[in-house]
Q: 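For reference, the structure I am asking about is given below.
So you know, we letter chains A, B, ... as the sequences are listed, proteins then strands, and number each from 1.
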Amino acid sequence: MSLNEDFLKPYDFKDNEDKIYQNWEKSGFFNPDNLPGIRHTDADSRPFCVVIPPPNVTGSLHMGHALNATIQDILIRYKRMKGFKTLWIPGTDHAGIATQNVVEKNLKKEGISRHDLGREKFLEKVWEWKEKYGDIILNQLKKIGASCDWSRTRFTMDEGYAKAVSEAFLHYYKKGWIYQGDRVVNWCTRDATSLSDLELEYKEEEGKLYYIKYPLKSVYGIRNTKPDFVIVATTRPETMLGDSAVAVNPEDEKYRDLIGKNVTLPILNREIPIVEDMAVEKEFGTGAVKVTPAHDFTDAEIGERHDLPKYQVIDEKGRMTDLAGEEFEGLKVLEAREKVVEKLKELGLLEKEENYIHSVAHCYRCDTVIEPLISKQWFLKMSDLGRMAYQAVENGDVKFHPERWSKVYLDWLSKVKDWCISRQIWWGHKIPIDGSTDVLDTWFSSALWPLVTLGWPDKTKDLEVFYPTSVLSTARDIINLWVARMVFSGLEFENKKPFSDVIIHATILAKDGRRMSKSLGTGVDPMGLIEKHGADATRFGIIWQAMGGQDIKWADEHVLAGQKFSNKLWNITRFILTKVGDDFDFSKPDNISDPTSKELIEKFEKLLEQSEKQIEIYEFGQALHDIYEFVWHEFADKYIEYSKNKEDKETKQVLCYVLIKSIKLLHPFMPFVTEAIYQRLPKKDKEFLMIEEW
RNA sequence: GGGCGUUUAGCUCAGCUGGUUAGAGCGUUGCAUUCACAUUGCAAAGGUCACUGGUUCGAAUCCAGUAACGCCCACCA
């Protein structure tokens, strides 16, 4: 027979990948409604459904996305070929603060701030931006071969989503689980919004520990033999202006006699009490601590226990308030710090200062130092929800892979605090109570993702058929931020866990083990790899290195190996087509008489069985290694060489069988080249390898 | 302060429940090009499996401890 002309040169991914993807999309088979019925008797009657962790609309694909997309696509393609009704829902997240920041930054180039525009106009700009750039990342997913059902694409601020979010909020509200409270929150003075604990990034910083003398009221001017001061140590002297007590540990001998007495707060000359509290560490500093209930989390709790007044001395913009006193009002925090220290020196009340390294919270988006301050926020009670989410994993309803990540999840939930769900930004879902200008934390809407993508709160067919979904694959850093919250949302609103298995995939690091990041210049761009080596090769390179969930120190050469492997498959096919000519046989050989052939088939059968097992337990890297080893070194290097001086029908049949089965086996990993090969096989009435039986 | 992970060939990593000469990819060296493929084949070099001690007939693998590196959590002001 004559070969297609393109078979006469090496495999060219550029000639094939885009074309093939378009044909897949045109076929409609990404949509389970169009998929030919369940073809397997062993297929579970349940469909197989995955929701994509929606990437931010601001983003473009990074290596983590590429890994995660490949993992999900492997599962989806494998299950589709196994005959399951298979659905992968794509979409994007509005990513409140992140997106608002990007748009603000763009406006800044034109010299405009969001306040110049006003809320409504600014939001128009954000929507414009979203329409223009929001789909980039989805198109990049197509490039990598992701077989998502694009007709079901969702956005966390689309119409249905807004309805769902408000329904969820009101549901909690009616249950009495949502309340408003004056609380110390993590405040980003740049973004002018509160942040949750999970949105912070701690960094080790060099600071100073200041030892300040607070004059003892009761002995002031009476005796000079005993120390006249209580000395407290602090890294933030400016907050002393908001002090309402000094606290000591009740078991601390040094201060036992002083409990209940008063000291005079220097500078402001306010009289404040000395209280006892277990939260105070005897060993730290002097063992006595200043208490600033409006600007510190621990202090707020101490204040609560002792009914202390709260003096807010720092405002939402990070400037000192009138309560800080005339000479400090209006100063920035750091300016105030300097001035307070100066003043204390003047008064002779600064005992000493020490260099001190401590970790300081920063905004994870804009890197500004967090200012804990008291403000009115909305909270969601976590006691019941937290327990529900905890139990789902504890009793094995939801399983983590690798299992060890369940510990991270359980540890966090076992001491979870109420969730501050309000944010003072503009881009997001408005809190559905009249008069509130706050928006909800982005994760409030993300928590509903598996529900809303299937139609909730409406009782849709999709919800009935596909909920709960099967597997969630995601990164470790959002186990608490996102996974835990989806679990309790699912249980609360549909009475069912949102998914059974959670894959926590590897983190891809730069080759030297550092984080991949744009600013460090350590990032590798997956789109660049696809451009250079093809999507199959990129997927191969990624999965080749993804062994057992271990972190990956990225090594490019495996992508090259993947590209070579594509070409190898191509040439194996070319050889077999040339050899068997019109005798191409798609049936499985039985009663093999030739011992070499028999041995090969036995090995192959074992590989098939083993690969299936490995995919089922999410050991994709190992599966790929084994398949590669067999196809290249058993089949090509040995058997094909052996077959060269054999012309019998049996040998030819074995060649055909192993080839066709191998490209099926590899299709979930390398969908393009395998499809390209399949399309060139002499088979009547064929559609796509994508929907062939595995 | 807690928790977790890693340490095997020059580099990136496999090695499951302990069992013959410890494997792969890339790299290196030698040989082979009218033979499906040079994006190739054949062959070779290269490892006291972090360290110490223990269990065992037998340990890269199990146990205890040490060290180095990395990550996460926590209210040390």
Q: Give me the one residue out of A:Val232, A:Leu350, A:Thr286 that meets side-chain contact (heavy atoms from CB on, under 4.5 Å) with A:Tyr211.
A: A:Thr286
Q: If a protein heavy atom is under 4.0 Å from the base, mark B; if only from the sugar-phosphate, S; if neither, -; do that for nucleotides 14-35 of chain B going 5' to 3'.
A: S---------SBS--------S
Q: What integer number of Å spans the C1' atoms of B:G54 and B:C72?
A: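 These two C1' atoms come out 32 Å apart once rounded.
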Q: Looking at the side chain of A:Ile572, which of B:A77, B:A36, B:C73 is the nearest nucleotide?
A: B:A36
Q: List the residues meeting side-chain hydrogen bond (donor to acceptor under 3.5 Å, both in side chains) with A:Ser597, not counting sequence neighbours, and say none if there are none.
A: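 Residues passing side-chain hydrogen bond (donor to acceptor under 3.5 Å, both in side chains) with A:Ser597: A:Asp594, A:Tyr639.
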Q: Measure CD1/A:Ile504 against P/B:G5 and give the value in whole Å, please.
A: 15 Å
Q: Can I get a per-line list of side-chain donor-acceptor pairs under 3.5 Å for residues 654-662 of chain A, giving both atom names and the distance, sequence neighbours left out?
A:
residue: A:Tyr657; atom: OH; partner: A:Glu605; partner atom: OE2; Å: 3.0
residue: A:Ser662; atom: OG; partner: A:Val658; partner atom: O; Å: 2.6

Q: Considering only side-chain heavy atoms of A:Asn571, which listed nucleotide, B:C76, B:U39, B:A36, is closest?
A: B:A36
Q: State which of B:C13, B:C76, B:A36 makes the closest approach to the side chain of A:Phe284.
A: B:C76
Q: If the cut-off is 4.0 Å, is A:Tyr356 near the phosphate of B:A77, judged by side-chain N/O to OP1 or OP2?
A: yes
Q: Give, for atom CD1 of A:Ile478 and atom CG of A:Leu472, the distance between the pair rounded to the nearest 0.5 Å.
A: 8.0 Å
Q: What parts of residues 400-412 of chain A reach RNA chain B, counting only heavy atoms under 4.0 Å away?
A: A:Arg404, A:Lys407
Q: Which value, in whole Å, describes the distance between the P atoms of nucleotides B:A50 and B:G10?
A: 14 Å
Q: What's the NE2-C1' distance between A:His295 and B:C75, to the nearest Å?
A: 17 Å
Q: Let me see the working for A:Tyr409 and A:Phe400 under ring-ring contact (aromatic ring centres under 6.0 Å, His included), right down to the final yes or no.
A: CA-CA 9 Å; A:Tyr409 174 99; A:Phe400 278 88; 5.3 Å; yes
Q: Could you check whether A:Val280 gets within reach of a base, just the sugar-phosphate, or nothing at all, counting any heavy atom under 4.0 Å?
A: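 Base contact.
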Q: Does A:Lys208 qualify as a cation-pi partner of A:Tyr356, given the criterion of NZ or CZ under 6.0 Å from the six-membered ring centre and within 45 degrees of its axis?
A: no
Q: Checking A:His401 now: which residues fulfil ring pair (Phe, Tyr, Trp, His ring centres under 6.0 Å) with it, not counting sequence neighbours?
A: A:Tyr618
Q: For Watson-Crick and G-U wobble pairs within 3.5 Å on both distances, what is RNA chain B written in dot-bracket notation, | included for inter-strand pairing?
A: (((((((..((((.....[...)))).(((((.......))))).....(((((..]....))))))))))))....
Q: Quick one, A:Phe488 with A:Tyr390, criterion ring-ring contact (aromatic ring centres under 6.0 Å, His included). Give me CA distance, side-chain angles, the key distance, then yes/no.
A: CA-CA 9 Å; A:Phe488 69 64; A:Tyr390 186 95; over 10 Å; no
Q: Have a look at A:Phe13 and say if it touches a base, only the backbone sugar-phosphate, or nothing, with a 4.0 Å heavy-atom cut-off.
A: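 Touches nothing.
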Q: Return the CG to CD distance between A:Asp418 and A:Gln377, rounded to the nearest 0.5 Å.
A: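 It is 13.5 Å, given to the nearest 0.5 Å.
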